[in-house]
Amino acid sequence: MKIIGTGKALPALRVSNDMLAEFLDTSDEWIRTRTGIKERRLLSDEDLFDLSRIAANEALIDAGISASDIDYMICSNVANNYVTPSLSCILQGLIHAECPCIDINGACSGFIYALDIAESFLKTKDDINNILIVCAEEPSRFTNWNERDTSVLFGDGAGAVVLTKGDDLLAMQLSSQSKVEPLYYQRNLEKTPYNKKPEGNAPLVMHGKDVYKLAVSSSVLDINSIFKSANISADDVDYFLLHQANIRIIDAIRQQLEQPEVKFPHNIENYGNTSSASIPILLDELHKSGKIEEGDVLLLSAFGAGFTTGACALRWSLS
Ligand code: UT7
């Protein structure tokens, strides 16, 4: 595979740490020093479908193709207003594409899992030449806004890429472990006359310290495995694009890899944790600002609920 276009969309509403401190027992100082977040964008008037459409169209324009050229669409999303149909089916109508559509839920690692699926399809299916991936997330709708532990961490947003056949992928590493307790969001289904089981229904539950430790150790394992399979070292990587969950997690991974800060671009300060959208949003910013150049080696790495992790290395050759 080869990425030929990127896009992003963020809600207009900027919510600063001080705005949260107006109704939560928190402070700008705590949030900044513990997480690196200064503000986040939250959906108010727009909806997730608007963000998905804008990010998708930006990526198509950047790729220089139209929606009718897309042969397959994958959306990564944890939850939205529709349980069914899928976000990708709804988005297909909004951008006027005519292709098979599927959603995946790999939590915050969803973008890497979507890239892996795209790589397999592009490699094995003659009739698939262009794939659109859209990661669109609204974690603000499943966190508890009375709880300072989780609500301050997240932001809404969407990131998209268009992929075509190519050989830019150097290595891919995915792993999933069934660990529900550290991070979950449970929804009640409709009642039936027969189902008498007690069921939970709670906003996002997170054991922050457990997630933190799992995140650092798993990401370092994944990244080292990528070095091995791509036959590269940390020094060969131009930029590490890590899931934007906490600047301290990014820094802990960076320290274990013994690499300079300049190789770890971040935007968590502006957007908070946008789940699976965080890496494609960052990628779009780096690409559109001209920071990443032809031939650069990028290492993408994410972790999320599941517990899922994923990493990949690719050589950037968009033009
Ligand atoms: O995409 C994956 C999603 N999740 C993550 O990546 C989260 C990973 N974990 C983390 O990023 C960090 O564990 C947190 C940022 C969530 C928390 O940082 P921490 O350094 O692990 O803090 P802590 O949980 O140990 O809490 C320290 C204190 C506690 O008070 P006490 O018990 O020491 O009195 C908390 O009650 O900070 C308190 N606290 C807050 N204080 C002000 C927790 N949240 C807040 C808050 N404002 N928003």
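Whatever order the structure lists ligands and atoms in, that order sets their numbers, starting from 1. Numbers for residues simply follow the sequence, beginning at 1.
- Considering only non-hydrogen atoms, atom 42 (C) of ligand 1 lies nearest to Trp30 out of Trp30, Tyr212, Phe307.
- In terms of protein heavy-atom proximity, atom 6 (O) of ligand 1 is closest to Ala245 CB, 3.3 Å.
- Evaluation of the side-chain hydrogen bond (donor to acceptor under 3.5 Å, both in side chains) test over residues 150-174, restricted to residues two or more places apart or in two chains, returns Asn130-Thr164, Ser140-Asp156, Asp168-Ser317, Gln173-Ser225.
- Glu58 places a side-chain N or O within 3.5 Å of a backbone atom of Lys8 that can act as its donor or acceptor partner.
- Summarising the contacts of atom 36 (O) of ligand 1 with Arg248, Arg148, Gln244, His207, the nearest heavy atom is found in Arg148.
- Annotation: salt bridge (charged side-chain N to carboxylate O under 4.0 Å, His left out) contacts of Arg32 (sequence neighbours excluded): Asp28.
- For atom 32 (O) of ligand 1, no protein heavy-atom neighbour is present inside the 4.0 Å cut-off.
- Heavy-atom proximity to atom 19 (P) of ligand 1, evaluated over Glu147, Lys213, His243, Arg34, is greatest for Arg34.
- Contact annotation for Leu24 and ligand 1: no heavy atom of the residue comes within less than 4.0 Å of the ligand.
- The part of Asn246 lying near ligand 1 is the side chain, judged by heavy-atom distances below 4.0 Å.
- In this structure, Lys125 forms a cation-pi arrangement with Phe121, its terminal cationic atom sitting closer than 6.0 Å to the ring centre and no more than 45° off the ring axis.
- Under the 3.5 Å distance criterion, with hydrogens and angles disregarded, no donor-acceptor pair is assigned to the side chains of Asn267 and Asn270.
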